[in-house]
Structures are given as C-alpha cells and as structure tokens.
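The structure appears below as structure tokens.
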2 protein chains.
Amino acid sequence: MATATLERPKAATGGRCCPPAAGPALAEDEAAAYAGWFKALADPTRIRILNLLAQSEDAVCVCDIVDHFPLGQPTISHHLKILRDVRFVVAERRGTYMHYRVNRACLEEFPDAARRILNV
Amino acid sequence: MATATLERPKAATGGRCCPPAAGPALAEDEAAAYAGWFKALADPTRIRILNLLAQSEDAVCVCDIVDHFPLGQPTISHHLKILRDVRFVVAERRGTYMHYRVNRACLEEFPDAARRILNV
DNA sequence: GCCCTGTATCGACATCCGTCAATATAGATC
DNA sequence: GATCTATATTGACGGATGTCGATACAGGGC
C-alpha cells in the first residue's frame with residue numbers, strides 16, 4: 001500500500017520531530033473569551049483607569065477620571081465602555097453624574113484563568 | 001479676587017461631585033508594560049498556542065504547532081515571536097527544528113500583576 | 001559543494017483600535 | 001418647557017494588528 005507515503009514526510013528522517021503533542025485543550029470560543037478579556041486590559045490608559053478606580057473606596061465620577069488623564073472626555077467614555085462590556089467596572093447613576101467602580105469579583109477570576117490556560 | 005471662578009465650575013452646584021480621588025498610582029510606563037504584556041494575550045490563537053505548549057511536558061516543535069491550527073506557518077511563527085518577545089515562551093534549537101515551551105516563571109507573575117493594578 | 005526541509009522575515013492587504021471634534025442624550029434647575 | 005451640565009454616541013482619521021504569499025536563512029545529508 002501507499003499509505004505510508006501519505007503520512008507526513010517530515011524530512012529525510014521520515015519520522016516525527018517530537019512526541020505527538022495533543023491539540024489545545026481550550027476550545028476556540030473559550031480562547032476567544034479569554035482573549036476578549038485580555039484585550040480589555042491591553043491599553044495603558046485602561047490599566048490606569050482601573051488602577052485609579054481601585055484606589056478609591058467608593059465610586060468615582062467620570063469628570064474626576066477625565067481630570068487625571070490628558071485625553072478628551074469622549075475617549076475616556078470610550079475606554080469606560082470597554083471596561084464595562086467585560087464587567088471589569090460597573091457604573092451607577094447619581095443624578096446627572098455617572099459613578100464607576102471596579103468589579104472586584106470579576107477581576108479576581110484572573111488567577112483561575114491563568115491556571116486554566118496553563119492547565120496547572 | 002477672581003480666583004474662585006478659576007476653579008472647576010462643576011455645574012450649578014459649584015461643588016465637587018465626589019471626593020478628590022487620587023490619580024492612578026501606576027506610572028504611565030509601568031501601565032504600558034502591563035498593557036504590552038496583556039496585548040500578547042489578546043488573541044485567541046496565542047492563547048491556544050500557550051495552552052497547547054502548557055499541555056506538553058517537553059518542548060514542541062513549530063511544525064507540530066502549525067498542524068493544530070488552520071493558519072499558515074508564517075502566521076504561527078509571527079505569533080510565536082510575539083510570545084517570545086514578552087518571554088511567555090522560550091525557544092530552543094534542536095538541529096533543524098525549533099522547539100518551544102512555556103516559560104512558567106514569567107506567567108506565574110500574573111496574580112502579582114493583578115494585585116498591583118488593583119492594589120489589594 | 002549542492003539540495004532539501006524547517007523556520008523566520010518581508011511586503012502587502014484588510015481590519016481593528018485609539019483618538020479627536022461634533023453632536024446627541026439624560027437629568028437637574030429654573 | 002427652556003436651559004444648563006455631565007455623559008454617551010457618531011464619524012473620521014492615522015496607526016497598529018492578523019493574515020497571507022513569496023522569499024530568505026539555517027542546518028543536515030548527499
């Protein structure tokens with residue numbers, strides 16, 4: 001049979017270069033979920049917004065956040081939306097003002113995510 | 001003096017909307033370092049490559065990685081470079097083949113990063 | 001030396017992302 | 001309701017990013 005020649009040739013050695021190596025255990029959509037999560041953290045401004053919110057006991061209003069960055073209000077609002085979408089922060093209305101605070105419950109899942117990716 | 005009118009007007013209330021809120025404790029470059037770190041994880045393929053490498057006791061050669069993804073070899077090589085640049089993986093030559101493995105030491109810093117960002 | 005195979009790099013392309021200015025929306029006060 | 005202020009949304013623009021095909025580089029076998 002020609003079946004043998006249908007295998008991966010793998011150079012002149014004709015053999016494998018290393019043990020079979022199982023495919024990724026993470027399904028594509030699970031990996032995408034984690035990636036979307038990390039994507040929300042893949043910007044210095046968002047990291048610092050999170051850090052700023054984490055330093056305050058109570059929620060902080062948007063205008064106060066804007067004051068701490070050399071960026072326009074729409075840009076900050078944009079970043080806050082991204083952080084909201086992945087639930088890293090939660091917003092709360094107080095009259096005209098919007099107050100934001102970190103969602104610790106969500107961020108504490110981090111070590112678990114690392115463990116799952118590295119399956120340790 | 002007109003000094004009072006130089007303060008933030010803050011609506012008709014004339015006062016602050018919330019307690020002062022310290023700026024972010026993370027310096028801009030430190031935040032950028034963390035962001036660059038997360039950026040390397042902000043892609044499903046890279047997450048799954050990491051996961052694949054983490055499942056194997058010993059290092060895995062590039063051709064084996066390529067076999068597990070519906071992407072071209074140059075693309076996988078590109079992702080591996082990004083993971084190498086942030087030291088999430090390390091490469092090792094064995095003859096013609098390149099073998100990659102996860103750098104656990106580096107990835108284990110994760111919980112610390114989370115703690116530093118959330119200053120808990 | 002030459003060729004073959006595995007990996008990295010380059011150049012191009014489409015898409016995504018961060019930023020801004022302008023505008024829309026929501027709530028409070030009058 | 002009219003107006004004012006805080007926040008969100010929109011549209012546009014430049015730069016980054018993921019992907020590919022083509023090519024360059026490296027090491028082993030002849």
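A, B, ... follow the sequence lines: proteins, then strands. Residue 1 opens every chain.
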Checklist entry - Given atom CG of B:D85 and atom C1' of C:dT9, what is their separation to the nearest angstrom? => result 13 Å
Checklist entry - Separation of A:R84 atom CZ from D:dT7 atom P, in whole Å? => result 12 Å
Item to check | Integer-rounded Å distance: D:dA8 P and A:E92 CD | outcome: 13 Å
Checklist entry - Between B:I76 (CD1) and C:dA8 (P), how many Å, whole number? => result 11 Å
Checklist outcome for this item: Atom CG of A:L80 and atom C1' of D:dT7 are separated, to the nearest Å, by 10 Å
Checklist entry - Which residue, B:K81 or A:R94, contacts DNA chain C at a nucleotide closer to its 5' end, judged by nearest heavy atom? => result B:K81
Checklist outcome for this item: For residues 58-92 of chain A, the ring-ring contact (aromatic ring centres under 6.0 Å, His included) pairs (sequence neighbours left out) are A:W37-A:F88
Next on the checklist: Pair B:L53, B:R101 - check side-chain contact (heavy atoms from CB on, under 4.5 Å), show working.
Outcome noted: CA-CA 6 Å; B:L53 294 180; B:R101 60 181 174 75; 5.7 Å; no
Checklist entry - B:L83 CG to C:dT7 P: how many Å, rounded? => result 16 Å
Checklist outcome for this item: For A:D29, the side chain to side chain contact (heavy atoms under 4.5 Å, CB included) test, sequence neighbours excluded, returns A:A27
Item to check | Within residues 107-117 of chain B or reaching into it, pairs that qualify as side-chain hydrogen bond (donor to acceptor under 3.5 Å, both in side chains) - sequence neighbours excluded | outcome: B:E30-B:R116, B:D112-B:R115
Checklist entry - Can you check whether A:T96 has a side-chain N or O nearer than 4.0 Å to OP1 or OP2 of D:dA6? => result no
Next on the checklist: Under the rule for side chain to side chain contact (heavy atoms under 4.5 Å, CB included), what residues qualify as partners of B:A33, not counting sequence neighbours?
Outcome noted: none
Next on the checklist: Tell me every residue that passes salt bridge (charged side-chain N to carboxylate O under 4.0 Å, His left out) with B:R94, counting only those two or more places apart in sequence or in another chain.
Outcome noted: B:E92
Checklist entry - How close or far is atom C1' of C:dT19 from atom CZ of A:F69, stated in whole angstroms? => result 15 Å
Checklist outcome for this item: Per-nucleotide protein contact along nucleotides 11-21 of chain D, 5' to 3', at a 4.0 Å heavy-atom cut-off (B base, S sugar-phosphate only, - neither), is ------SSBBB
Checklist entry - Any idea how A:F38 and A:Y34 line up, ring-wise: parallel (<30°), tilted (30 to 60°), or perpendicular (>60°)? => result tilted
Checklist entry - Can you check the A:R93 CZ to D:dA6 P distance for me, whole Å? => result 13 Å
Checklist entry - Looking for any heavy atom pair under 4.0 Å, which part of the strands does A:Y100 touch: base, sugar-phosphate only, or nothing? => result sugar-phosphate
